[in-house]
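To start, the structure itself, in structure tokens.
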There are 2 protein chains.
Amino acid sequence: MKTKPLVESTIERLIDYIIKNDLEPLQKLPTELELASLLSVGRSTVREAVKALVGRNILEVRQGAGTFMARQRLGVSTDPLGLTFVKNKRKLIKDLLEVRMMIEPRIAALAALAATQEDITVIHALRKEIEELISSGEDHTQKDIEFHMKIAESSNNIVLPTLTPAIQQAISLFVDVTNRTLRTETIETHRAISDAIEAHNPIAAHDAMTLHIVYNRTHIANLFKNTAFQEGDK
Amino acid sequence: MKTKPLVESTIERLIDYIIKNDLEPLQKLPTELELASLLSVGRSTVREAVKALVGRNILEVRQGAGTFMARQRLGVSTDPLGLTFVKNKRKLIKDLLEVRMMIEPRIAALAALAATQEDITVIHALRKEIEELISSGEDHTQKDIEFHMKIAESSNNIVLPTLTPAIQQAISLFVDVTNRTLRTETIETHRAISDAIEAHNPIAAHDAMTLHIVYNRTHIANLFKNTAFQEGDK
């Protein structure tokens with residue numbers, strides 16, 4: 001193994017190389033040999049640096065094909081906030097809902113101001129897909145995350161579409177928020193949110209999203225109260 | 001190099017091992033040989049998995065001493081939201097300030113409700129340190145981030161102390177927000193925030209933080225307008 005400073009400076013220079021050359025998701029990188037020459041280090045140092053960037057979801061190595069830029073969410077790991085390691089899961093979920101309450105109503109308001117006709121079409125399509133999944137009794141967790149992520153994308157803010165799914169994904173890991181008791185409330189508040197965004201009404205969107213999160217929060221609070229929910233349980 | 005699925009399943013099992021054994025920051029892990037036996041894989045697979053977790057700031061390898069849990073912010077990389085790769089830095093800074101405006105006033109309000117006497121002492125100490133740095137014309141960027149992080153910690157929310165420094169650090173990477181034009185405003189709004197938290201007044205804390213971020217936002221907007229600020233410039 002190389003000494004740490006050389007590998008670390010190679011990691012930084014490799015990131016600089018990616019930025020300066022404007023590499024896009026899925027684009028192929030030069031070979032290990034070419035990178036070694038470009039960065040004036042040995043091949044084993046390049047290999048270490050590449051592995052570190054794979055771990056950070058910046059690069060991916062495909063056996064026999066070479067090294068490529070990651071597919072999506074460059075540099076964002078599956079658990080960017082390190083929530084896997086929080087021990088008290090009940091407290092974590094409560095705190096994640098507190099963060100959702102801080103950001104999502106305002107995201108909905110921004111989306112109502114900025115959403116294009118295309119965004120609105122996608123939001124309604126996702127809403128309908130979720131309604132169908134609910135009707136047929138299927139799990140709508142992932143579609144629900146997509147719905148909220150699409151609203152965040154429609155807010156025309158670069159940071160929010162990374163932030164909101166990370167938070168929602170973490171909540172869904174530890175608790176089933178798609179309980180049948182919330183079927184009507186989910187359908188109604190999703191409709192109110194989508195309609196307000198379509199009407200470009202930020203205040204209605206803000207209020208509808210607030211109500212949506214309050215329903216979720218109350219549902220989860222009841223779940224904690226009424227069931228033998230244990231830390232770490234799903 | 002091992003095939004991807006084996007390394008990936010080893011990474012997952014290594015994370016499970018860390019969680020089940022409740023390993024704390026800086027705690028030493030078993031040797032590579034012991035881990036290989038515990039996880040029933042070869043040593044080279046263990047080595048690959050360990051490297052991946054080093055890249056995600058979960059483990060650190062010290063030459064000659066072994067593998068340890070990372071020092072702090074377990075599983076949170078230096079750039080958890082992948083902001084390094086956003087090309088339009090002006091838009092990024094504007095959007096980061098939008099996120100700060102969403103979360104920080106409410107964080108200050110929560111801190112006013114939950115801060116302990118100890119928290120309040122630290123907040124005032126950091127505020128004074130910043131005032132001294134400003135008076136002597138020194139850079140107070142890092143202390144400023146600590147001040148806001150301490151407020152987030154005082155909010156008694158697990159997620160926020162990871163979120164706020166990531167955002168503030170990203171802003172400070174690309175623009176100097178500690179410009180001398182903001183000296184008086186920074187000192188005054190920091191005092192108002194600290195005093196409101198000490199008085200356990202969430203509304204005053206919320207408003208003081210809002211004003212603080214508005215000053216920052218206006219300052220940065222003027223910077224963009226008046227100077228030859230280029231994308232990627234500091």
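None of the values given here were measured: they were computed from a predicted structure. Below, read A as the first sequence line, B as the second, and so on, with proteins coming before strands; counting in each chain starts at 1.
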Does any heavy atom of chain B fall under 4.5 Å from the side chain of [X], the backbone, both, or neither of them?
X: A:Ile11; result: neither
X: A:Ile19; result: side chain
X: A:Ile167; result: neither

**Asked** What residue, out of B:Leu23, B:Ile18, B:Asn57, B:Leu81, has the most heavy-atom pairs lying under 4.5 Å from chain A?
**Response** B:Leu81
**Pick from B:Met101, B:Arg62, B:Lys94, B:Glu98 with the largest number of heavy-atom pairs that fall under 4.5 Å of chain A** = B:Glu98
**Request:** Dump the intermediate steps for side chain to side chain contact (heavy atoms under 4.5 Å, CB included) on B:Leu163 and A:Leu163, then the final yes or no.
**Result:** CA-CA 9 Å; B:Leu163 201 52; A:Leu163 201 50; 3.3 Å; yes
**Prompt:** Which of the residues A:Val86, A:Leu110, A:Leu53 is involved in the greatest number of heavy-atom pairs with chain B at under 4.5 angstrom?
**Reply:** A:Leu110
**Request:** Among the options A:Gly55, A:Ala52, A:Pro80, pick out the one with the most heavy-atom pairs lying under 4.5 Å from chain B.
**Result:** A:Pro80
**Item:** Carboxylate-amine/guanidinium proximity below 4.0 Å for B:Lys87 and A:Glu24
**Value:** yes
**Request:** Please determine if A:Arg56 and B:Asp79 form a salt bridge, counting it only when a charged side-chain N lies under 4.0 Å from a carboxylate O.
**Result:** no
**Of A:Asn157, A:Val99, A:Leu160, the residue whose pairing with B:Met102 passes side-chain contact (heavy atoms from CB on, under 4.5 Å)** = A:Leu160
**Asked** Is a side-chain donor or acceptor of B:Asp95 paired with a backbone partner of A:Ile158 at a separation under 3.5 angstrom?
**Response** yes
**Message:** Could you check whether atom CG of A:Leu26 has more than 12 heavy atoms from other residues, nucleotides or ligands sitting under 6.0 Å from it?
**Reply:** yes
**Fill in**
Applying a strict 4.5 Å limit to non-hydrogen atoms, the region of B:Asn156 in contact with chain A is both
**Request:** Check each atom of B:Ile107 against the heavy atoms of chain A and say whether the ones under 4.5 Å are side chain, backbone, both or neither.
**Result:** both
